[in-house]
Amino acid sequence: MMHDTPSTPSRYTVEDRAPRKLSSFLLRWESILVMMLAAVIIGNTLKSPYFLDPFNLADATYNFSEKAIMALVMALLILVREIDLSVAAILAVSSLAIGFMGDAGYGTIALVLTGLAVGTVCGAFNGFLVTRSGVPSIVITIGTMSLYRGITQVSLGDQALSTFPQSYLDLGQTYFIDWPPVPLSFFIFLLLACVFGVFLHKTAIGRQLFAIGANPVAARFSGIRVDRIRFALFTVSGLLAGLGAVLLTARIGVMRPNIGLGWELDIITMVILGGVAISGGVGTIGGVVLAVFVLGLSTFGLALMNVPGIVINVLLGLLLIISIAAPIVIRMITGKR
Amino acid sequence: MDKAIRRDTSSAGWCLTRWAAVTETSPILALANVSKSFPGVRALHDVSFSLYPGEVTALIGENGAGKSTIVKILTGIYIPDGGEIRVNGETQHFSSPRDSWGAGIAAIHQETVMFDELSVAENIFMGHMPGGHLIDWRDTKAKARALLASIEADFDADAKLKTLSVAQKHMVEITRALSHNANVIIMDEPTASLSRHEIDELFRIVTQLKAEGRAIIFISHKFDEIFRLSDRFVCLRDGEKVGEGMTRDVSEPDLVRMMVGRPIDQVFPKRDIPLGATVLEIDGLSNATEFADVSLSLRKGEILGLYGLVGAGRSEAMQAVFGMSKPTAGRVTMNGQQLAIHEPIDAIHAGISYVPEDRQEQGAFLPLGIRENITMASLAGHVRNFLLSRPSEQSAARALGGRLSVKAAHWEQSLGELSGGNQQKVVIAKWLATKPKVIILDEPTKGIDVGSKAAVHDFIGELAEDGLAVILISSELPEIMGLSDRVIVMHEGRIAARFERGMGTGALAWSAEAIVAAATGAPVEERAA
């Protein structure tokens with residue numbers, strides 16, 4: 001069998017794996033994130049006695065879990081050189097639908113399914129436009145962002161919707177596991193993180209995402225159904241935005257047109273800090289999960305220290321810029337051209 | 001090293017070079033003991049040579065011999081670790097491409113790097129537009145037109161770059177170099193994607209540049225061009241200079257021996273392979289603009305050469321077979337069964353592989369590892385319980401990477417870290433991993449050196465011997481004639497003629513003249529005459 005046995009042995013010896021070197025391990029982005037996370041935890045623990053309290057930490061996860069869930073699929077989109085700027089607007093539309101259904105007196109299961117379905121449809125519409133038009137997704141999703149957000153504003157004006165069954169509100173307001181206290185949104189995030197991690201790093205389609213991100217033309221030549229995968233990713237992005245809407249609406253108990261405003265940038269920040277290259281083809285789910293914790297826990301710590309929200313934003317912005325610049329600076333100092 | 005430089009630029013040394021200048025032609029540019037290393041690789045070691053005004057110096061060597069490194073050092077992209085560059089006898093330190101431009105050195109690249117959306121005039125003067133803070137457009141255009149006229153270019157300074165052909169883009173680059181009054185012009189495989197006529201045109205311009213007293217570095221893998229155009233040659237192997245001299249004093253076998261360090265048969269003798277049953281049949285394949293009524297059949301063990309000029313529709317037709325585009329009419333049959341190919345994956349499942357011409361752009365995943373690249377088109381075979389099996393992937397990487405003699409430190413190394421030739425091997429390995437029955441090779445030896453070329457020719461023969469049916473798209477006649485059992489010539493999207501090895505008479509005889517005549521579209525009667 002010609003394909004399996006080399007007819008002439010290679011002239012070169014090639015190892016199966018890279019030699020294990022401590023320096024290359026430490027310079028991995030995930031290692032840097034672990035160190036950042038350790039610094040955040042140690043710093044906050046020293047600063048505030050309330051930081052390492054299980055209930056406080058559990059409540060802190062509320063503030064980032066919905067975004068983190070949406071960041072998982074955003075990571076895949078950015079990995080394949082796409083982006084979905086309309087996620088927060090999809091969340092708003094889904095939340096609007098949940099609000100109307102609540103007003104109409106439907107039960108919890110109907111509300112949840114409505115949120116997921118509306119999100120999925122919006123995401124599929126994005127995917128349809130991106131794959132059919134050939135226009136870059138950044139342009140398409142800026143458009144649909146205005147469209148979806150506009151729909152919620154037109155339908156609701158300055159009104160709010162707040163009629164929900166108690167069992168629905170409980171999804172966002174009680175612990176899913178009582179001890180250690182774990183909210184449902186955080187539990188779903190951990191579960192999905194595992195699913196996405198295995199999908200991206202262990203399955204054939206996951207591998208194909210790296211190929212599309214690295215070289216879309218070569219990916220097509222290699223028999224990868226590039227457009228089908230793109231469409232699926234945008235659809236899943238909508239689905240998870242719908243899930244975000246289900247959890248967020250239940251948590252705050254009220255639907256206003258400005259729900260989740262500006263979240264797309266927080267989500268993209270998580271992905272970029274997680275080490276997913278905006279140029280495509282590079283990234284890990286582990287990195288994104290670590291970045292979620294670094295951002296979430298530092299926000300929580302700063303809030304405990306009574307730092308105002310606007311200042312927190314400035315500091316997180318600085319953190320992002322420094323963390324992106326640091327490896328480049330290190331390379332400039334140590335490496336040669 | 002520092003001391004040596006100082007001594008050289010001392011007054012005595014300076015006087016000496018001046019004195020030399022009046023007695024004989026002094027070099028415009030000289031490299032003295034230049035070295036450059038990258039982590040783990042010695043790219044150049046102690047290389048010295050000189051360029052003289054009015055001469056074309058051919059820089060030859062296999063892929064990875066150090067030619068590109070020299071170009072990058074001369075254009076200020078790399079800084080050498082040791083040695084020096086002298087321009088008109090004065091030592092120069094290039095720390096950026098701007099410095100190199102300033103010293104009168106310009107490069108015309110393999111794949112032209114310019115601005116498609118801008119006009120020819122803007123491209124020529126990008127970075128040094130006439131005028132002060134505001135661009136003087138009238139002056140810019142007038143100067144651009146004058147420069148274009150000086151090399152007898154047949155397009156206007158107002159034309160957008162994207163409307164030009166590759167050959168015309170080369171002319172823009174040459175004009176750009178002239179606008180800088182560059183005295184040293186580096187041409188890195190300028191003829192790679194040019195037609196015969198365009199090459200003649202380019203050579204006319206080179207001759208003109210020579211006459212104006214400029215020095216030209218010419219990099220090419222094509223020996224006929226080297227002998228036709230160059231006055232001198234410098235030969236590199238593994239980063240060291242292994243020979244230099246006047247081109248008229250050497251023969252092609254001499255150069256080949258110098259380049260590879262051993263004699264090489266340029267084209268391997270045609271292997272005697274018994275042909276099997278018909279595997280692939282293409283019937284009346286057409287699309288709206290690029291090709292029409294393409295029909296051919298292919299047998300097991302057969303090598304079918306597809307010859308034609310650039311733009312004859314060969315690649316387009318074969319890409320349609322592979323599912324990259326949708327034909328408007330025609331059928332593809334494999335082992336008697338009609339195929340429904342909508343996407344490349346359908347072709348791959350049917351046993352057809354297509355190794356694209358631009359292997360880096362269309363085949364390579366540079367940030368990914370070698371193993372990941374090799375298995376990318378055949379991942380389904382490595383799935384166990386829904387997950388990819390690493391050991392299975394690793395054994396595929398070992399077997400195929402080893403078979404193609406990929407040179408790397410380890411199979412997880414990212415493809416971007418390998419040399420161009422090794423990247424190509426990995427891309428071909430990816431296609432063999434799909435276990436094809438029919439393999440379409442699009443210009444498999446384009447831009448590769450003579451040593452690798454022979455290996456590729458040998459390899460193509462091996463594939464046929466292993467029972468594959470091969471379609472070989474190539475613009476190199478010796479390669480096509482040396483390897484193919486049959487040759488089909490395409491002209492302007494249609495099949496112009498079919499040739500069979502050693503058969504036929506007159507216009508359909510198995511001869512280089514007949515094949516070229518068919519490719520250029522000369523009518524059969526005329527060709528027969």
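Naming: A, B, ... by sequence-line order, numbering from 1 per chain.
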Over all heavy atoms of both residues, which pair between [X] and [Y] is shortest? Give the atoms and the distance, please.
X: B:Leu368; Y: A:Gly281; result: CD2-O, 3.9 Å
X: A:Ala211; Y: B:Met376; result: CB-CE, 3.4 Å
X: A:Gly223; Y: B:Pro344; result: CA-CB, 3.9 Å

Should the heavy atoms of other residues, nucleotides or ligands under 6.0 Å from [atom1] of [X] be counted, would the total exceed 12?
X: B:Arg390; atom1: CZ; result: yes
X: A:Arg132; atom1: CZ; result: no
X: A:Ile205; atom1: CD1; result: no
X: B:Asp346; atom1: CG; result: yes

What part of [X] lies closer than 4.5 angstrom to a heavy atom of chain A: side chain, backbone, both or neither?
X: B:Ser353; result: neither
X: B:Ala409; result: backbone
X: B:Ile348; result: side chain
X: B:Ala364; result: backbone
X: B:Glu361; result: backbone
X: B:Lys430; result: side chain
X: B:Asn373; result: neither

* To do: To the nearest 0.5 angstrom, please state how far the CZ atom of A:Phe221 sits from the CG atom of B:Asp358.
  =>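 A:Phe221 CZ to B:Asp358 CG: 9.0 Å, rounded to 0.5 Å.
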* **Value rounded to 0.5 Å, distance of CD in A:Glu15 from CZ in B:Arg398** =>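 Going from CD on A:Glu15 over to CZ on B:Arg398, the span is 10.5 Å.
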Taking side chain as C-beta onward, heavy atoms only, is [X] less than 4.5 Å from [Y]?
X: B:Phe365; Y: A:Ser222; answer: yes
X: A:Ile224; Y: B:Ile345; answer: no
X: A:Phe210; Y: B:Glu372; answer: no
X: A:Gln208; Y: B:Leu379; answer: yes
X: A:Arg220; Y: B:Gln362; answer: no
X: A:Thr203; Y: B:Leu388; answer: no
X: A:Arg17; Y: B:Gln394; answer: yes
X: B:His410; Y: A:Asp16; answer: no

* Salt-bridge present (A:Arg207, B:Glu393; N to O < 4.0 Å) ->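 Counted as a salt bridge, because a side-chain N and a carboxylate O are separated by less than 4.0 Å.
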* Toward chain B, the part of A:Ala219 with a non-hydrogen atom under 4.5 Å -> both
* Take A:Val198 and B:Leu387, measure what side chain to side chain contact (heavy atoms under 4.5 Å, CB included) needs, and give me the verdict at the end. => CA-CA 8 Å; A:Val198 170; B:Leu387 301 182; 3.9 Å; yes
* Considering only heavy atoms and a distance below 4.5 Å, find which of B:Pro356, B:Ser389, B:Gly369 pairs most often with chain A. => B:Pro356
